[in-house]
Colleague: 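Shown below is the structure under consideration.
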Amino acid sequence: MRDFFVITLLSLVFTNTIFSQTATIHGVVKDANTGELLEGVNIVQPPATGTHSDLSGNYEFKVTAGDVTLIFSYLGLSPDTLHFTVKEGATKEVNVALKGSAQELGTIVVSESKVGQKLQTVTQSVDVLTPRLIQASNVTNMQTAVTKVPGVTVLDGQISIRGGSGYAYGAGSRVTLVVDEMPLMTADRQDIKWQFIPIENVEQMEILKGAASVQYGASALNGVMNITTAYAADTPTTRFSFYYEGYGNPPVDSFKWWKRDGKFFTNPNKMGMNFLHSQKFGDFEVVFSGMLNGFQSYLQYDYDYYARFNGKIRWHPHKLNRLTLELAASTLYDNNGFQFYWTDAGHPYVGNTGVLNDQRFFYGYLDTKIKYIDKIGDEHDIYGRFYRQKLLGIGSLSEFWISSVYYNFRHDFGRIFMLRAG
C-alpha cells in the first residue's frame, strides 16, 4: 500500500512537470509598410512546432518554456526571427510587423494539394494564367484563355489536356472545373459551362495536367482547371469594360442574309460589357459583378446571347476572428443556337429546315461557406451548395436540382507534414 501511494505521488509530480513546461504565445502579424493584417503567416518554433495566422492576422499556440526562438515567414515579405525567454505556464503577447522583401514573389498554386504552395515546389505539371494576361488579350470567355495553354485543346466546348480526354461531347468531362474550392460542372452532362465562369473577377487560373491528384475524384482523371476569384481590397474598386468585334462582308454579296442597309451593328458581330464592384464595409466584404454578351456568326442560326450576374459576401467578425462566413450566388441566362448544314449553294449561311437548334437555359447556384480555425490551429471548412439548372420551354424532366455539403479538416504537424481529410 505504501508503494502504491509513492508511485501515485511521483506520477502526479511528473505529470505536473510535463504540463508546466509549456507557455502560450499569441499576437498579431501585419505588413510593416501598409499595416495590413496578414493571413496565413507561418510561425514556427524549431524544429517542428508551429501554427499560422488567421484571417485577422491573429495566432496563438503552445511553445516550450525557457529560451524561445520563433520564425515568422510570409511569401513576398522578409522573414523575421525573434528570441526571448518565457516562464513555464505564462502567456506572452508577441506582435510582429514583417517588412518587404527584395526577392521576387513566386507564383502560388493550390490545385495540386488544395493548400497554397510555390509553383517551383510543385511536382506535377501546372500552368498558371493571371488576370493581366486575360485582360491584355481582351478575352471575353475563359474558353479562349484556356486554348493559350500548351497541350490544352477545346473542341465543341469539351476541354482535353494532352489528348487524354478525347472527344466525349455529352458524355461528361474528364477535366474538372473548380471555382473557389467548389466544383462547378453542369448537372445533366457533367461538363463545363464556360459562360458561367466570372471572367471579370478572376484572380488566378491554374491548370493541373494529368491525373496528378486523387482529391478531385474520377471526373479529374485528365486534369483540373482551378479558378480563384478575388475578394474586396481595402480600397473600393469599380470597373466597366465594353467591347465590340465586327466581321467583314462575304466575298459574294448574295450570301448576306442580314440587313443590307449598311448599319454598323447589323453585320455578324460580337459585343458586350462586363462590370465589377468590390468594397469593404467594416467586417463585411462585398463583390458584385456581371456580364452581358451577344454573338452572331455568319451562319444565321449560329448565335449565343447570355447574361450572368455574380455576387459574394464574406463576413469576418473581429470579436470572433477565428470564424469566417461566406455567401456566394450566381445566375446565368443563355440563349444559343446552331445549324447542321446549309439550305443550298446559293444560301450557304442559312440553315436548312429541320436542322436548326435553339435552346434557352437558366443556371443558378447558392453557396454557403463556413471556415473556423480552432485554438490549436486546426482548420475546419464546411461548404454547402444549392444548384438549379433548367432548359426553358421544354418540360419538368429538363429541370435539375442538386444540393450538397462538403467538410474539410486540416492539421499541420509543423514542418514535418500536413494532414487533410474530409
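The structure presented is a predicted model; accordingly, all values stated were derived computationally and were not measured.
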Colleague: I would like to know whether Arg322 and Glu379 meet salt bridge (Lys or Arg N to Asp or Glu O under 4.0 Å); could you show each step before the answer?
Modeller: CA-CA 9 Å; Arg322 299 180 182 275; Glu379 183 177 320; over 6 Å; no

Colleague: With no hydrogens and no angle check, do the side chains of Asn310 and Arg308 hold a donor and an acceptor under 3.5 Å apart?
Modeller: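 Asn310 vs Arg308: donor-acceptor pair found between side chains.
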
Colleague: Hydrogens and angles aside, do His52 and Asn42 bring a side-chain donor and acceptor to less than 3.5 Å of each other?
Modeller: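 No.
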
Colleague: Considering all heavy atoms of both residues, which atom of Asn141 and which atom of Tyr306 are nearest to each other, and what is their separation?
Modeller: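 Looking at all heavy atoms of both residues, the closest pair is ND2-OH, 4.3 Å.
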
Colleague: Determine whether the side chains of Asn336 and Asp334 contain a donor N or O and an acceptor N or O closer than 3.5 Å.
Modeller: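 Asn336 vs Asp334: donor-acceptor pair found between side chains.
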
Colleague: Within the side chain of Glu60, is there an N or O that forms a donor-acceptor pair under 3.5 Å with the backbone of Ile376?
Modeller: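 Absent.
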
Colleague: Which heavy-atom pair separates Leu82 from Val94 by the least distance, and what is that distance?
Modeller: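 That would be CD1-CG1, 3.5 Å.
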
Colleague: Which atoms form the tightest heavy-atom contact between Phe196 and Gly364, and what is the distance?
Modeller: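 Nearest pair, atom of Phe196 first, then Gly364: CZ-N, 4.0 Å.
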
Colleague: Between Thr229 and Lys312, do the side chains contain an N or O donor and an N or O acceptor separated by less than 3.5 Å?
Modeller: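 Per modelled atom types, Thr229 and Lys312 side chains form a pair under 3.5 Å.
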
Colleague: Could you tell me whether Lys270 sits above the aromatic face of Tyr244, with NZ or CZ closer than 6.0 angstrom to the six-membered ring centre and within 45 degrees of the axis?
Modeller: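 Because its charged atom misses either the 6.0 Å distance or the 45° angle limit, Lys270 does not stack over Tyr244.
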
Colleague: Can you check whether Phe361 reaches Leu392 side chain to side chain, under 4.5 Å on heavy atoms?
Modeller: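 They are not in side-chain contact.
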
Colleague: Please evaluate residues Ile197 and Ile227 with respect to the criterion side chain to side chain contact (heavy atoms under 4.5 Å, CB included), reporting the C-alpha separation (whole Å), side-chain torsions for both, the decisive distance (0.1 Å), and the verdict.
Modeller: CA-CA 9 Å; Ile197 301 174; Ile227 293 177; 3.5 Å; yes

Colleague: Nearest 0.5 Å, what's the CD-CG distance between Gln296 and Asn269?
Modeller: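 With rounding to 0.5 Å, CD (Gln296) is 8.0 Å from CG (Asn269).
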
Colleague: For the residue pair Lys390 and Phe400, would you count it as a cation-pi contact if the rule is NZ or CZ under 6.0 angstrom from the ring centre and within 45 degrees of the ring axis?
Modeller: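 Judged by the rule, Lys390 and Phe400 form no cation-pi pair.
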
Colleague: Cation-pi check, Arg385 to Tyr365: give yes when NZ or CZ is under 6.0 Å from the six-membered ring centre and within 45° of the ring axis, no otherwise.
Modeller: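 Satisfied, under 6.0 Å and within 45°.
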
Colleague: Side chain to side chain contact (heavy atoms under 4.5 Å, CB included), that's the test. Do Met142 and Val202 meet it? Break it down for me.
Modeller: CA-CA 10 Å; Met142 191 58 74; Val202 171; 3.6 Å; yes

Colleague: For Tyr59 and Ser53, work out which heavy atoms get closest and say how close.
Modeller: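 Here Tyr59 and Ser53 meet closest at CB-CA, 4.2 Å.
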
Colleague: Establish, from distance only, whether the side-chain atoms of Asn58 and His26 form a donor-acceptor pair under 3.5 Å.
Modeller: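 Absent: no donor and acceptor within the cut-off.
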
Colleague: Atom CG of Asp374 and atom NE2 of His411: how far apart are they, to the nearest 0.5 Å?
Modeller: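 It is 9.0 Å, given to the nearest 0.5 Å.
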
Colleague: Measure the spacing between CG of Asp80 and CD1 of Ile43 and express it to the nearest 0.5 Å.
Modeller: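 Between Asp80 CG and Ile43 CD1, I get 11.5 Å after rounding to 0.5 Å.
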
Colleague: Are any non-hydrogen side-chain atoms of Asp67 and Thr69 less than 4.5 angstrom apart?
Modeller: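 Answer no - side chains too far apart.
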
Colleague: So, using side chain to side chain contact (heavy atoms under 4.5 Å, CB included) as the criterion, who are the partners of Gln339 when residues are at least two apart?
Modeller: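 Side chain to side chain contact (heavy atoms under 4.5 Å, CB included) check on Gln339 returns Leu299, Gln300, Tyr301, Leu356.
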
Colleague: According to side chain to side chain donor-acceptor pair (under 3.5 Å), who are the partners of Thr186, at least two apart in sequence or on a separate chain?
Modeller: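 Partners of Thr186 by the side chain to side chain donor-acceptor pair (under 3.5 Å) criterion, ordered by chain and then number, come out as Asp188, Asp191.
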
Colleague: Taking distance alone, no hydrogens or angles, what donor-acceptor pairs closer than 3.5 Å link side-chain atoms of residues 281-293 to residues at least two apart or in another chain?
Modeller:
from: Asp283; atom 1: OD1; to: His318; atom 2: ND1; distance (Å): 2.3
from: Glu285; atom 1: OE1; to: Arg314; atom 2: NE; distance (Å): 3.4
from: Glu285; atom 1: OE1; to: Arg314; atom 2: NH2; distance (Å): 3.0
from: Glu285; atom 1: OE2; to: Arg314; atom 2: NH2; distance (Å): 3.2
from: Ser289; atom 1: OG; to: Glu200; atom 2: OE2; distance (Å): 2.9
from: Asn293; atom 1: OD1; to: Tyr243; atom 2: OH; distance (Å): 2.5

Colleague: Stepwise, does the side chain to side chain contact (heavy atoms under 4.5 Å, CB included) test hold for Val146 with Ile159?
Modeller: CA-CA 9 Å; Val146 169; Ile159 183 172; 3.6 Å; yes

Colleague: Pairing donors with acceptors under 3.5 angstrom, does anything connect the side chains of Asp304 and Gln195?
Modeller: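 Gln195 and Asp304 do have a side-chain donor-acceptor pair below 3.5 Å.
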
Colleague: What I'd like to find out is whether the side chain of Tyr303 reaches to under 4.5 Å of the side chain of Asn335, using heavy atoms alone.
Modeller: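 Yes, side chains in contact.
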
Colleague: So, taking the atom named CD in Glu245 and the one named CE in Met271, what distance separates them when rounded to the nearest 0.5 Å?
Modeller: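 Here the interatomic distance stands at 11.0 Å.
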
Colleague: Just wondering, are more than 12 heavy atoms of other shown residues or ligands nearer than 6.0 Å to NZ in Lys30?
Modeller: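 Atom NZ in Lys30 is not packed in, count stays at 12 or less.
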
Colleague: Quick one: pull up OH in Tyr372 and CD1 in Ile370 and give me the separation to the nearest 0.5 Å.
Modeller: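 Nearest 0.5 Å value for the OH-CD1 distance: 12.5 Å.
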
Colleague: Of all heavy-atom pairs between Phe295 and Asp302, which one has the smallest distance, and what is that distance?
Modeller: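 Closest pair (atom of Phe295, atom of Asp302, distance): CE2-O, 4.3 Å.
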
Colleague: Between Val152 and Ser160, is any pair of side-chain heavy atoms under 4.5 Å apart?
Modeller: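 No, every pair of side-chain atoms sits at 4.5 Å or beyond.
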
Colleague: Only one of His316, Lys371, Glu39 clears side-chain hydrogen bond (donor to acceptor under 3.5 Å, both in side chains) with Thr324; which?
Modeller: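 Single side-chain hydrogen bond (donor to acceptor under 3.5 Å, both in side chains) partner of Thr324 among His316, Lys371, Glu39: His316.
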
Colleague: Of Leu98, Val28, Val96, which meets side-chain contact (heavy atoms from CB on, under 4.5 Å) against Leu38?
Modeller: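 Exactly one option meets the side-chain contact (heavy atoms from CB on, under 4.5 Å) with Leu38, and it is Leu98.
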
Colleague: Within 45 degrees of the axis of the six-membered ring of Tyr383 and under 6.0 Å from its centre: does Lys369 put its NZ or CZ there?
Modeller: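 Yes, Lys369 and Tyr383 form such a contact.
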
Colleague: Determine, stepwise, if the pair His277 / Phe275 fulfils side chain to side chain contact (heavy atoms under 4.5 Å, CB included).
Modeller: CA-CA 7 Å; His277 179 75; Phe275 64 92; over 6 Å; no

Colleague: Please give me the minimum heavy-atom distance between Thr176 and Pro183, naming the atom from each residue.
Modeller: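 Result for this residue pair: CG2-CB, 4.5 Å.
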
Colleague: If I take atom OG1 from residue Thr238 and atom CG from residue Leu276, how far apart are they, to the nearest 0.5 angstrom?
Modeller: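 Those atoms lie 8.0 Å apart.
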
Colleague: Return yes if a side-chain donor-acceptor contact under 3.5 Å exists between Tyr406 and Asp381, otherwise no.
Modeller: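 No, Asp381 and Tyr406 have no side-chain donor paired with an acceptor closer than 3.5 Å.
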
Colleague: Do Thr22 side-chain atoms and Thr64 backbone N/O form a donor-acceptor pair below 3.5 Å?
Modeller: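 No, the answer is negative, given that no donor and acceptor are paired below the 3.5 Å cut-off.
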
Colleague: Give the ring-plane orientation class for Trp258 versus Tyr349, where under 30° counts as parallel, over 60° as perpendicular and anything between as tilted.
Modeller: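 Correct class here is parallel.
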
Colleague: Does Met182 reach the side chain of Asp367, with side-chain heavy atoms less than 4.5 Å apart?
Modeller: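 A side-chain contact under 4.5 Å exists here.
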
Colleague: Is the closest side-chain heavy-atom distance between Tyr305 and Tyr333 below 4.5 Å?
Modeller: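 A side-chain contact under 4.5 Å is absent here.
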
Colleague: Quick one: are Thr24 and Lys62 in side-chain contact, heavy atoms under 4.5 Å?
Modeller: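 Contact flag for Thr24/Lys62 side chains = yes.
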
Colleague: Going by heavy atoms in the side chains, are Val355 and Tyr341 under 4.5 Å from each other?
Modeller: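 Yes - at least one pair of side-chain heavy atoms lies under 4.5 Å apart.
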
